[in-house]
2 protein chains.
Amino acid sequence: MAAKLTNSTKSELFAAKKRHVTSYDVAQYAGVSQSAVSRCFKSGGSVSRKMRERVMKAVEELGYQPNAIARGLITRRSNMVAVIVSNLNYYPEVLSQLSARFTERGVHVLLFTLDQESDVGRILDQVWQYQVDGVVVAAHLAPGEIEAFNKRNVPLVFYNRAYSDIPVSSVSCDQVEGQRILVNLLVKNGSHKSFAVVSGPADSVVSMQRTREAMNRLHDLGIEDIVQVSGDYSYDSGRDAVDRVMAQRGALPDAIICANDMMAFGCMDQLRYGYDLRVPEDVSVVGFDGVRAAGWSSFNLVTIQQPVDRMAEAAVQMLLDRVENYVLPPEKRIFSGVLRNGATIRN
Amino acid sequence: MAAKLTNSTKSELFAAKKRHVTSYDVAQYAGVSQSAVSRCFKSGGSVSRKMRERVMKAVEELGYQPNAIARGLITRRSNMVAVIVSNLNYYPEVLSQLSARFTERGVHVLLFTLDQESDVGRILDQVWQYQVDGVVVAAHLAPGEIEAFNKRNVPLVFYNRAYSDIPVSSVSCDQVEGQRILVNLLVKNGSHKSFAVVSGPADSVVSMQRTREAMNRLHDLGIEDIVQVSGDYSYDSGRDAVDRVMAQRGALPDAIICANDMMAFGCMDQLRYGYDLRVPEDVSVVGFDGVRAAGWSSFNLVTIQQPVDRMAEAAVQMLLDRVENYVLPPEKRIFSGVLRNGATIRN
DNA sequence: CCCATCTATGACTTCGAATGCAATTTTTTT
DNA sequence: AAAAAAATTGCATTCGAAGTCATAGATGGG
């Protein structure tokens, strides 16, 4: 068995020696320096064609992949961003879009989910420890927590939370405008006279914005007959809301305005299957968000659709811009939502 | 201005010097060695009470957080796992569960999404580069790609893909058993005679398993009147399926068996709102997965619910076990699904 | 009170890739 | 052909935390 070793066996022996193949291994195998290997992986690196070929051959044969952790340590760029989402279930599309767009740009996503108010502080500590280049937050943060990002020079972009009083970047959908469109539609085109407004969780800024605007706008239009009940964004809470409106008011209103689509589905189902009413003939229901199911024939929900793809793109772009150049001033981008199924409203 | 510096100003000056506070900074500030600081962050580290207090005081004042990247480099443990999912939209709960459970155990999730067959090879290269401790895959991989995990000693657990012929760990739901329950229910309890089977995408192993079992089981029970059409797991393809069944068969069958819930919703809506039929009175529709909306009153979909929480827990546990001890033999865990809304089937 | 036994601590090295700088080779210019 | 300029290459250092080892200090037994 003194036969000449083939390249393939050689490289296998080589690889077996240690767990991971490092740039030193490649260098040694190719008979060059480690620096040369490193430079081959850097675009614009000063390497001759011959050298590059030699190195790449060794890379192929050893199955070398640069260690992103080590690279991150020296370059102080992890090429990772953290995405912090509070409620993955309601907005899968958002995460999907963000992930795809970051990946497309060679940036990796470290995912953090906040279940019913897990300790945000602890999550943020993890974020600092992992040296992410930036963070997209689709959840609520306290002012002090936002301040921590500045202190550490970590770019931050909020998704769908606009802090009007703090200089911080955000991408959001115009809740006020959208809600106004819905209310106008119901009152002016639909001549609805009595209303119920179903708010979302009290700690959701977005929900509060939507609900407040709905109430304000209704008052502005001279509507007095309004009951307000609160939910938690879930389907079930939408169903409960109908019961509670019934209990409070004795009868159902002409229209129910929900702070999101999910609760609107709950309302519709409870009206139809709990009270045997027709929607929209007997009662109108409107939601907010424009999730997929809003377009299903069962619902044809009147809602404001958030332009998720454009918002995600904006968030990704803004974040990465600030990663490149972190002195860029914060910017708030507000997209208009689009009315869906507006024609199905009762006249 | 020769006043004595307060601790707070001191620490601020200190922090301003460099971007990141390192363990050396803490050591210098506390007047101890870097090793001591490191030991304070290691459970079971040999440190006196006095030392620990001194260090922790400095840590607090400087806002020090250990650099997980540097730690990962030396310990060869990144405390990160990769989660690769193909279709985020359909199974948000899975990701949500996985993420929560990993986080709970101090493990972080690097998310990779595969949109319509993005280059899996490239994704895997990224996975290797980031030195993740393990990978959960909820997508299809080629045998060669699976082999790469072994070569690199990276633990791998498949979620909801059982490769019967390859020794690899997986967690899945018993498709065959579940489908059999559904077919039995329809044929024996419901005395349905004619069927349509709507399959999912051709490249989905799970879809093929479900569809094949449905066909087999129907044949075994002596059913001959079956048409098969294919969809892509989407709501819209469920609607189309109804049209195609109608075109092929001239009339609608007694029951439609869909490879997932989403298509079942599409079928129901098309039957009800496109053909003005009643479900389940005129036509029965069954799905598979047991997503949230299956429980909504609009649908009350007969389906097999996957025990997502238990499956996610199992996947997390199995993966982390193999991270601790990577010579553990691969294991396949198959959970039984649970019939939902079975009582709503037409007799 | 001295030597043995621990405990606590710090100096130094390591992980793997990137980079400044100097040395070398190649190319260009005169 | 010599000198100058440019392109390559390697050496040595760096990033930040962890672990090894040797030593200073504390404790205890006789």
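All chains are named by letter (A, B, ...) in the order of the sequence lines, taking the proteins before the strands, and each is independently numbered beginning at 1. Here the structure is a predicted model, which is why all the values come from computation and not from measurement.
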Kindly say if B/S33 contacts the phosphate of C/dG10, meaning a side-chain N or O under 4.0 Å from OP1 or OP2.
yes

Whole-Å distance separating the NZ atom of A/K50 from the P atom of D/dA7:
19 Å

Could you state the CD-C1' distance from A/Q28 to D/dT9, rounded to the nearest angstrom?
18 Å

5' precedence on DNA chain C between A/A68 and B/R52 (nearest-nucleotide basis):
B/R52

Phosphate OP1/OP2 of C/dG16 contacted by B/R76 side-chain N/O (<4.0 Å)
yes

Would you confirm whether B/N160, through its side chain, and B/S172, through its main-chain N or O, come within 3.5 Å as a donor-acceptor pair?
no

What's the separation between atom CZ in B/R101 and atom CG in B/D309, rounded to the nearest 0.5 Å?
6.0 Å

Round to a whole Å and report the spacing from CE of B/M51 to P of D/dA24.
16 Å

Nearest-Å distance, CZ (B/R54) to C1' (C/dA8)?
13 Å

Would you mind reading off the distance between A/N79 atom CG and D/dC15 atom P, rounded to a whole angstrom?
20 Å

N or O in side chain of B/S23 less than 4.0 angstrom from D/dA18 OP1/OP2:
no

What I want to find out is whether B/E61 reaches B/R54 closely enough, with some N-O distance under 4.0 Å, to be called a salt bridge.
no

Just compare D/dA17, D/dT9, C/dG16 and give me whichever is closest to any side-chain atom of B/N67.
D/dA17

Looking at A/E53 and A/K57, does any basic side-chain N land under 4.0 Å from a carboxylate oxygen?
no

Please report, rounded to the nearest Å, how far the P atom of D/dG16 is from the CG atom of B/D25.
8 Å

Between A/E147 and A/K151, does any NZ, NE, NH1 or NH2 come within less than 4.0 Å of an OD or OE carboxylate oxygen?
no

Any sub-3.5 Å donor-acceptor pair from B/N325's side-chain atoms to B/R322's backbone N or O?
no

Are B/E324 and B/R105 close enough for a salt bridge, meaning some N to O gap below 4.0 Å?
no

May I have the distance from A/W128 (atom CH2) to D/dG16 (atom P), rounded to whole angstrom?
17 Å

Between the protein and nucleotides 18-25 of chain C, list every N/O to N/O distance that falls short of 3.5 Å.
unit_1	atom_1	unit_2	atom_2	d
C/dA18	OP1	A/R71	NE	2.3
C/dA18	OP1	A/R71	NH2	3.0
C/dA18	OP2	A/S38	OG	2.9
C/dA18	N7	A/Q34	NE2	3.1
C/dA18	N6	A/Q34	OE1	3.1
C/dT19	OP2	A/K42	NZ	3.3
C/dT19	O4	A/S35	OG	3.2

CG of B/L73 versus C1' of C/dT13: gap in Å, rounded?
13 Å

